[in-house]
Amino acid sequence: MVTLKDVAKRAGVSVSTASYSINGSSLITKDTKEKVLTAAKEIGYRPNGLAKNLKEQKTNIIGLFLSGFTGPFFNDMVEGIQDIVMKNNYELVVCATSDTHRLLVERYVDGAIILNYHMEDELLASLANERLPCVVLDRELQNPYIKNVLLPNEEGSIIAVRYLLEKGHKRFGYIAGSEESYDGETRLQGFRNELYHQGVVFSDQDLIRADFTEISGYEEMRRYLSESDGNLPTAIVCANDEMALGAIKAIQEKNLKVPEEIAVVGFDDIYMSHFFNPSLTTIRVPRKEWGIAAAQTLFKMLEQKFDFEPDPLKVELMNRTSG
């Protein structure tokens with residue numbers, strides 16, 4: 001089946017520009033619209049019939065668009081979304097690829113929850129309207145038909161830093177994930193900002209980049225330790241628990257004690273953090289509540305209620321033995 005992505009490739013434009021063009025947006029020049037429409041005609045692209053009749057019918061389907069399922073973080077969040085979807089007699093379709101635009105563009109869903117950095121802001125802005133509201137969990141967008149339901153990531157980092165400062169730590173390291181991650185980068189920003197406000201210098205040599213997995217936390221911490229001259233931070237804050245668990249393994253392999261010589265604090269409070277040795281001090285994220293809040297927000301918009309802001313979520317420190 002020919003998709004909008006095929007049209008965009010044929011016309012030499014982005015998917016969002018192709019969508020704007022086909023939907024007749026005034027933001028697109030006449031020449032670009034003609035190029036896109038010509039490309040669509042040449043390769044036989046037709047919007048799905050359901051989309052053309054959207055005014056008369058609904059699908060009773062909610063779409064959840066994820067970048068991927070890796071790691072234990074998402075299960076509780078999806079469960080929270082599913083609970084609310086089922087209570088409203090809808091069905092949930094979960095997609096976890098980099099190419100899920102067609103379900104939105106062709107209106108296979110009545111509303112969408114987005115946690116997928118592959119989807120461009122421009123694409124979402126071009127598609128969201130009163131009949132296709134969206135909730136985003138991984139970015140901040142200003143649009144009457146898009147609501148942001150975000151974790152208080154900076155608040156969590158502030159809590160972690162203040163806790164470690166009270167323990168007497170003066171030099172900090174940080175294990176971050178991909179720069180493409182909204183949550184990861186806002187956690188890093190909160191960490192940097194709080195150290196600055198507390199008058200503590202953070203050196204970029206103590207910033208470690210991994211990819212949110214346990215093995216990457218282990219490998220990058222092992223590399224960091226092997227390249228150091230023995231002058232190390234006494235506390236490491238991690239952008240998620242999996243990297244924290246990997247980092248602890250690498251620290252222990254160097255015969256360094258956690259937390260006596262290096263304290264480690266994670267972020268998320270995944271199931272394994274309770275049972276690791278040492279048990280992980282971490283920032284608890286209300287994952288199921290996050291999913292519930294996202295779905296409740298979306299159903300409010302499906303009722304044509306747009307003049308509101310979602311209630312903020314709360315995080316808390318789980319004080320265990322690694323920190």
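Each residue takes its place number in the sequence, starting with 1.
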Report the residues that fulfil ring pair (Phe, Tyr, Trp, His ring centres under 6.0 Å) with [X], sequence neighbours left out, ordered by chain and then residue number.
X	result
F276	none
Y163	none
Y218	none

Practice task
Say whether S19 and S16, considering side chains only, have a donor N or O and an acceptor N or O under 3.5 Å apart.
Solution key: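 Note: S19 and S16 side chains miss the donor-acceptor criterion.
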Handout entry: Point-to-point distance, once rounded to the nearest 0.5 Å, from CG of L245 to CE of M272
Key =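 Interatomic distance, L245 CG to M272 CE, rounded to 0.5 Å: 7.0 Å.
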Problem - Straight-line distance of E194 CD to I158 CD1, nearest 0.5 Å - result: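 So the CD of E194 and the CD1 of I158 are separated by 5.0 Å.
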Practice task
Report whether L104 and Y117 are members of the same hydrophobic cluster (ILVMFWY, side-chain heavy atoms less than 4.5 Å apart, transitive linking).
Solution key: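 Different clusters: L104 never reaches Y117 through Ile, Leu, Val, Met, Phe, Trp or Tyr contacts under 4.5 Å.
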Handout entry: Cluster link F74 to M86, ILVMFWY, side chain under 4.5 Å
Key =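 Different clusters.
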Just distance, no hydrogens or angles: give the donor-acceptor pairs under 3.5 Å from side chains in residues 305-313, sequence neighbours left out.
residue	atom	partner	partner atom	Å
K305	NZ	E303	OE1	3.2

Practice task
Take S178 and S181 through the side chain to side chain donor-acceptor pair (under 3.5 Å) test and state the conclusion after the steps.
Solution key: CA-CA 6 Å; S178 165; S181 167; over 6 Å; no
Handout entry: Residue from V85, V93, V135, V94 passing side chain to side chain contact (heavy atoms under 4.5 Å, CB included) with L64
Key =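 Among the candidates, only V94 passes.
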Handout entry: Residue pair I61 / D110, side-chain heavy-atom distance below 4.5 Å
Key =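 They are not in contact (no side-chain heavy atoms under 4.5 Å apart), so the answer is no.
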Exercise for the section: Would you mind reporting whether I236 and I262 have side-chain heavy atoms less than 4.5 Å apart? Expected result: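 A side-chain contact exists here, since the closest heavy-atom pair is under 4.5 Å.
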Handout entry: Partner residues of A18 under the side-chain contact (heavy atoms from CB on, under 4.5 Å) criterion, sequence neighbours left out
Key =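 L4, A8, V13, V36.
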Handout entry: side-chain contact (heavy atoms from CB on, under 4.5 Å) partners for S228, two or more places apart
Key =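 Checked S228 against side-chain contact (heavy atoms from CB on, under 4.5 Å); matches are L232.
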Handout entry: D269 backbone acceptor or donor facing R287 side chain under 3.5 Å
Key =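 A pair under 3.5 Å: yes.
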Exercise for the section: Measure the acute angle between the ring planes of F172 and H169, then classify it against the limits of 30° and 60° as parallel, tilted or perpendicular. Expected result: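 F172 vs H169 ring planes: perpendicular.
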Exercise for the section: Verify the ring-centre separation between F299 and Y90: is it less than 6.0 angstrom? Expected result: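 That pair passes the under 6.0 Å test.
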